[in-house]
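These figures come from a predicted structure and were not determined experimentally. Whatever order the structure lists them in is the order used to number ligands and atoms, beginning at 1.
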Amino acid sequence: MNEEKLPPVVGIKSFTAVAINSAAKAGEWIKIKLGSFENLELKYSTADLVTEIDKGSERLIRKLIGTHFPDHAFLGEEGVEPGAEASSKAIADVKDAEYLWIVDPIDGTTNFVHGFPFFCVSIALAYKGEVIVGVIYDPMKDELFVAERGKGAYVHGKVLTVSKDATLQQSLIATGFPADQRYALPLNMKSLQHLAPKVRNIRVSGSAALHMAYVAAGRLSGFWEMNLNSWDLAAGSLLIQEAGGTVTDIAGNPYTLEVRNIASSNGIIHSELVEELQKSLL
Ligand code: 2AM
Ligand code: CA
């Protein structure tokens, strides 16, 4: 038997254990620090925030992952200059690495800063550009969402399945108000206005990754947003796919690590969602 062709089964198991351990440790630490951060910095605009807790969480995760897999590439939000251009370049530079960890140390920093309990740690591992492990941890609800490619998605051992909603009209969906207030926000507002009367309702809760975990869990039937970064999307994309849903860009093209305009759903409403998103931008 040709050993080179065997999938790295043992490796994948330990990759997931490290991802879980890192997300749980970082999440617990973030929770302790809620309300007690000291340095609030503006990155790109008054809507784009970072605290020393984001940076500390990323350092902790990088150290834990680096201890186990020192040869793997690592892309974390806080290691990249603010702005779409730098983010696009950052993922383009490393996307072909054999093993690449993609980490958002706090997704939903604005919520964290204001004490609104909807934020998470998001950790993904990509193998040659394809996400193979995705972990999202919500420390406030102590919910750990885990997906392994080909093996399903779970929250605390319970299988995750997307919703069965058959139409947009029956669907609760979510989006975000992008930090880029010049380009992405007006576009997203056009889609929001167009979709609002076509769905049951829309939630805008401030963490793309956690919204995607909720799509995987069947709590939301769809999520879209413009101009997100790879670390907002990588773990959530695998969770949704493994829970039976669909992830593309807003034009319906397959998800890759470089996608920034995301459309995700339970799969059943996907073509309707993409069609309406396209109409809203005409
Ligand atoms: P963050 O909290 O990790 O920054 C809310 O609309 C979503 O947009 C959140 O997931 C938030 O992630 C993300 N976000 C915030 N600022 C952003 C930026 N400048 N570019 C892209 N995504 C951003
Ligand atoms: Ca973040």
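No N or O atom of R260 sits closer than 3.5 Å to an N or O atom of ligand 1. Considering backbone and side-chain N/O atoms, G206 never comes within less than 3.5 Å of an N/O atom of ligand 1.
At a heavy-atom cutoff of 4.0 Å, ligand 1 is contacted by the side chain of A179 but not by its backbone. Residue D232 touches ligand 1 through its side chain alone, judged by heavy-atom distances below 4.0 Å. Proximity of F177 to ligand 1, defined as any heavy-atom pair under 4.0 Å, is confined to the backbone N, CA, C and O atoms. Of the heavy atoms in D104, only side-chain atoms (C-beta onward) come closer than 4.0 Å to ligand 1. At a heavy-atom cutoff of 4.0 Å, ligand 1 is contacted by the backbone of N227 but not by its side chain.
In summary, the atoms of ligand 1 found under 4.0 Å from a heavy atom of T109, numbered by their order in the structure, are 2 (O). When each atom of ligand 1 is checked for a heavy atom of N229 under 4.0 Å away, the hits are 20 (N), 21 (C), 22 (N). Less than 4.0 angstrom separates some heavy atom of G108 from each of these atoms of ligand 1: 1 (P), 2 (O), 3 (O). Set against the non-hydrogen atoms of A208, the atoms of ligand 1 under 4.0 Å away are 9 (C), 10 (O).
E276 and K279 are joined by a salt bridge, as a carboxylate oxygen and a charged side-chain nitrogen come within less than 4.0 angstrom of each other.
Side-chain atoms of T175 and N188 form a donor-acceptor pair, as typed in the model, at a separation below 3.5 Å. Between the side chains of H270 and T248, at least one donor-acceptor pair of N or O atoms lies under 3.5 Å. In the model, D107 has no side-chain atom that pairs as donor or acceptor with a side-chain atom of S122 under 3.5 Å.
Within the structure, every pair that satisfies the side-chain hydrogen bond (donor to acceptor under 3.5 Å, both in side chains) test and touches residues 162-171, not counting sequence neighbours, is listed here: S163-S221, S163-N266, D165-S221, T167-Q170.
Taking the six-membered ring for Trp and thresholds of 30 and 60 degrees, W101 and F69 have nearly parallel ring planes, at less than 30 degrees apart.
Separation of atoms CE (M212) and CG (L239) is listed at 8.5 Å; rounding is to 0.5 Å.
A continuous path of hydrophobic side-chain contacts links W224 to V199 [ILVMFWY only; heavy atoms under 4.5 Å].
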